[in-house]
Amino acid sequence: MVKDLPISKQRNSYRGSFMLDLKFIRNHLDAVKTSLRNRGYDLDISAFESIDRKRREILPVLENLRHRRNKVSEEIARMKREGQDATPLISEMKKVSQEIKEKEAALSEIDEQLKPILMVIPNIPHDSVPVGRDETSNPVIRTWGRQPEMQFEPLPHWEIGEKLGILDFARASKIAGTRFALYKGLGAKLERALISFMLDIHINEHGYTEVLPPFMVNSACMTGTGQLPKFKEDLFKIEGWDFYLIPTAEVPVTNIHREETLKEDDLPIYYVSYTPCFRSEAGSYGKDTRGLIRQHQFNKVELVKFCKPENSYEELESLTRNAEEILRRLGLHYRVVTLCTGDLGFSAAKTYDLEVWLPGQKLYREISSCSNFEDFQARRAGIRFKRKGSSGTELVHTLNGSGLAVGRTVVALLENYQQQDGSVVIPEALRPYMAGIESIPSPLQE
RNA sequence: GGAGAGAUGGCCGAGUUGGCUGAAGGCGCUCGCCUGCUAAGCGAGUGUAGGGUUAAAAGCCCUACCGAGGGUUCGAAUCCCUCUCUCUCCGCCA
């Protein structure tokens with residue numbers, strides 16, 4: 001548990017860390033360029049280098065001028081105290097001051113050019129990430145369970161849900177529009193049961209601390225986790241405010257420790273958080289238009305970790321296992337794939353997707369995405385830690401993964417547990433959360 | 001929405017007739033000493049980031065940072081402006 005964390009307040013969000021990023025790119029230019037090309041990003045080296053060079057020319061000059069100013073100001077103070085005439089020095093310093101102002105303006109202009117370049121460079125994939133162009137190159141690394149055998153033609157979940165009277169898409173679109181759902185009766189209860197079920201397992205068995213964050217965040221948070229500035233179109237923004245609806249709990253939860261320096265003993269930190277998620281789904285017009293798969297608003301239970309760099313890859317494995325555990329308890333057949341370089345998200349260094357089997361649609365569908373961001377988000381958000389007995393600080397590594405997407409879990413349950421008579425069996429593990437009922441009965445049975 | 005108060009180092013808390021304060025003092029923490037345990041006591045140290053020096057590190061030098069941004073000035077934690085946040089009272093409200 002974290003207690004009384006000091007908040008370092010002196011920086012303006014990415015200024016201090018901004019430099020580290022710069023130095024790394026400068027020192028590993030070719031390697032950076034190559035790994036970014038693997039994920040389809042073209043880094044303009046010459047533009048970067050010329051701006052960086054200008055910056056490094058100005059900085060020492062500016063610092064020397066400031067040094068001079070500091071020294072002479074001391075001298076002026078001394079002379080005045082001793083009743084001497086400091087007028088000549090003062091007038092000389094006027095010129096120096098003017099020069100400092102000019103250099104400062106030049107430097108900040110350079111920073112303004114550099115910042116947008118740096119902020120849109122994606123993370124560098126981990127060595128273990130397979131090189132590939134798109135999702136067709138994602139290797140399956142393991143599979144659990146098997147496809148259920150059905151003696152009838154399975155229906156897609158939207159038909160099941162509407163027949164059972166637990167999902168109402170028509171009225172949802174009257175209330176809000178397309179890509180929204182209205183859950184009713186046992187449908188609403190099922191969604192709520194899954195949230196509690198997932199939270200309880202992660203809290204009680206996997207050691208996560210539950211948090212319930214704001215569902216709107218400011219732009220500093222969105223920049224910290226990497227949604228801004230590049231993916232503004234995917235977000236819902238509150239008009240007239242610096243508030244965005246969160247697209248995932250990753251954003252508020254990772255930003256819990258923005259601009260903080262944690263103690264070594266605090267790490268690792270595990271958080272689990274239920275939140276609704278809001279996504280514009282810009283650019284996915286006509287895709288998954290039916291059912292619960294792709295909604296503007298959906299529920300998700302999210303796992304978030306902060307850890308020391310040397311542990312982050314084993315933490316990724318255990319986080320992924322924690323997410324898988326939910327599917328296993330629910331008896332849902334799934335597979336785990338590693339995202340290849342071309343399919344990797346902007347901020348991630350490595351990602352495993354859990355894909356659940358959907359018999360109604362006869363395909364595997366992403367239900368969880370578990371990523372290690374290494375220090376990418378920590379650098380942007382200024383999340384550090386201090387090792388015992390050593391001076392200086394280091395960036396933490398951050399990870400997160402869905403544990404699980406709740407709406408898609410409902411989809412999987414409806415499609416995998418549908419019966420010939422139209423009812424849907426509730427898996428045993430979930431029954432305590434459903435007031436003990438064993439199935440959602442078909443209206444025809446009553 | 002109206003009226004006030006405030007934001008300083010890990011914490012508490014000085015510093016507001018601008019100058020030698022990166023920042024008194026206390027607490028905490030670290031190391032050493034002392035005390036046959038514990039407590040107390042004594043001494044020293046104790047921010048972050050960037051740049052330079054170095055083969056590297058240590059060390060040393062420089063710069064920046066007293067909520068954020070801008071301004072005045074030879075010089076600002078100290079003066080002015082804007083913003084953010086926190087707190088108190090009144091009103092309103094789930």
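Each chain gets a letter, A, B and so on, in the order the sequences are listed, and its residues count up from 1.
- Between the CG atom of A/D111 and the C1' atom of B/G51 there is a distance of 14 Å, given to the nearest Å.
- Nucleotides B/A3 and B/A64 place their C1' atoms 39 Å apart, quoted to the nearest Å.
- In a base pair of the Watson-Crick type (N1 to N3 plus N6-O4 or O6-N4) or a G-U wobble (N1-O2 and O6-N3), with each distance short of 3.5 Å, B/C89 is matched with B/G2.
- Whole-Å rounding puts the A/N27 CG to B/A56 C1' distance at 14 Å.
- Atom C1' of B/G25 sits at a distance of 7 Å from the matching atom of B/A14, rounded to the whole Å.
- With both pairing distances under 3.5 Å, B/A58 is matched to nothing as a Watson-Crick or G-U wobble pair.
- To the nearest whole angstrom, the two C1' atoms, one in B/G75 and one in B/U21, are 14 Å apart.
- On a pure distance criterion of 3.5 Å, no polar donor-acceptor pair joins the side chain of A/E63 and the base of B/G52.
- Spacing between B/G26 and B/C42 at atom P, rounded to whole Å, works out to 11 Å.
- Remark: B/A40 base-pairs with no nucleotide in the shown strands. Criterion, Watson-Crick or G-U wobble with two distances under 3.5 Å.
- Heavy-atom distances to RNA chain B give each of A/A77 and A/S97 a nearest nucleotide, and the one nearer the 5′ end belongs to A/A77.
- With both pairing distances under 3.5 Å, B/U16 is matched to nothing as a Watson-Crick or G-U wobble pair.
- Residue A/S91 is out of contact with every strand shown, counting any heavy-atom pair closer than 4.0 Å.
- Distance, A/R384 CZ to B/G10 P: 13 Å, rounded to whole Å.
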Going through the distances and angles, do A/E104 and A/R66 end up as a salt bridge (charged side-chain N to carboxylate O under 4.0 Å, His left out)? CA-CA 10 Å; A/E104 280 175 341; A/R66 282 170 169 167; 2.9 Å; yes
Kindly indicate, with the supporting measurements, whether the criterion side-chain hydrogen bond (donor to acceptor under 3.5 Å, both in side chains) is fulfilled by A/S423 and A/S442. CA-CA 4 Å; A/S423 67; A/S442 162; over 6 Å; no
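- Atom P of nucleotide B/G51 and atom CG of A/L59 are separated by 8 Å, given to the nearest angstrom.
- Taking the nucleotide of RNA chain B with the nearest heavy atom to each of A/K94 and A/E394, the more 5' of the two is matched to A/E394.
- In this structure the side chain of A/I90 reaches within 4.5 angstrom of the side chain of A/I76, judged on heavy atoms.
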Full working for side-chain hydrogen bond (donor to acceptor under 3.5 Å, both in side chains) between A/Y271 and A/H257: CA-CA 12 Å; A/Y271 290 128; A/H257 297 297; 2.8 Å; yes
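- Summarising the base pairing, B/A68 is matched to B/U82 through a Watson-Crick or G-U wobble pair whose two defining distances lie under 3.5 Å.
- Contact annotation: A/K386 side-chain N/O to B/U48 OP1/OP2 distance is under 4.0 Å.
- B/G9 makes up no base pair with any nucleotide shown, lacking Watson-Crick or G-U wobble contacts both under 3.5 Å.
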When you look at A/R329 and A/E325, which way does the salt bridge (charged side-chain N to carboxylate O under 4.0 Å, His left out) test go after all the steps? CA-CA 6 Å; A/R329 299 278 177 105; A/E325 183 61 22; 2.6 Å; yes
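- Look at the C1' atom in both B/A7 and B/U73: the space between them is 25 Å, to the nearest Å.
- Going from the C1' atom of B/G91 to that of B/A49 covers 46 Å, rounded to whole Å.
- Between A/N70 and B/A64 there is a side-chain N or O to OP1 or OP2 distance below 4.0 Å.
- Between A/T393 and B/A49 there is a side-chain polar atom (N or O) within less than 4.0 angstrom of OP1 or OP2.
- A search for salt bridge (Lys or Arg N to Asp or Glu O under 4.0 Å) contacts involving A/E314 returns nothing, not counting sequence neighbours.
- A/R81 comes within contact range of at least one nucleobase, with a heavy-atom separation under 4.0 Å.
- Between the CZ atom of A/F385 and the P atom of B/U48 there is a distance of 14 Å, given to the nearest Å.
- Comparing atom distances between the A/K80 side chain and each of B/U63, B/G19, B/G50 picks out B/G19 as nearest.
- Aromatic ring centres of A/F278 and A/F236: separated by at least 6.0 Å.
- Distance A/R387 CZ to B/U48 C1': 18 Å, rounded to the nearest Å.
- B/G13 and B/U8 have their P atoms separated by 9 Å, with the value rounded to a whole Å.
- Distances shorter than 4.0 Å separate some side-chain N or O of A/K101 from OP1 or OP2 on B/U72.
- Look at CD1 on A/I100: it is 11 Å from P on B/U63, rounded to the nearest Å.
- Protein atom CZ of A/R66 is 16 Å distant from nucleotide atom P of B/G22, rounded to whole Å.
- Taking the P atoms as reference points, B/C34 lies 15 Å from B/G43, given to the whole Å.
- The salt bridge (Lys or Arg N to Asp or Glu O under 4.0 Å) search around A/D85 returns none, not counting sequence neighbours.
- No engagement by A/L89 is indicated, since no non-hydrogen atom pair under 4.0 Å with the nucleic acid exists.
- If you check B/C34 for Watson-Crick or wobble pairing at under 3.5 angstrom, you find it has no partner at all.
- Across all strands shown, B/G22 forms no Watson-Crick or G-U wobble pair with both key distances under 3.5 Å.
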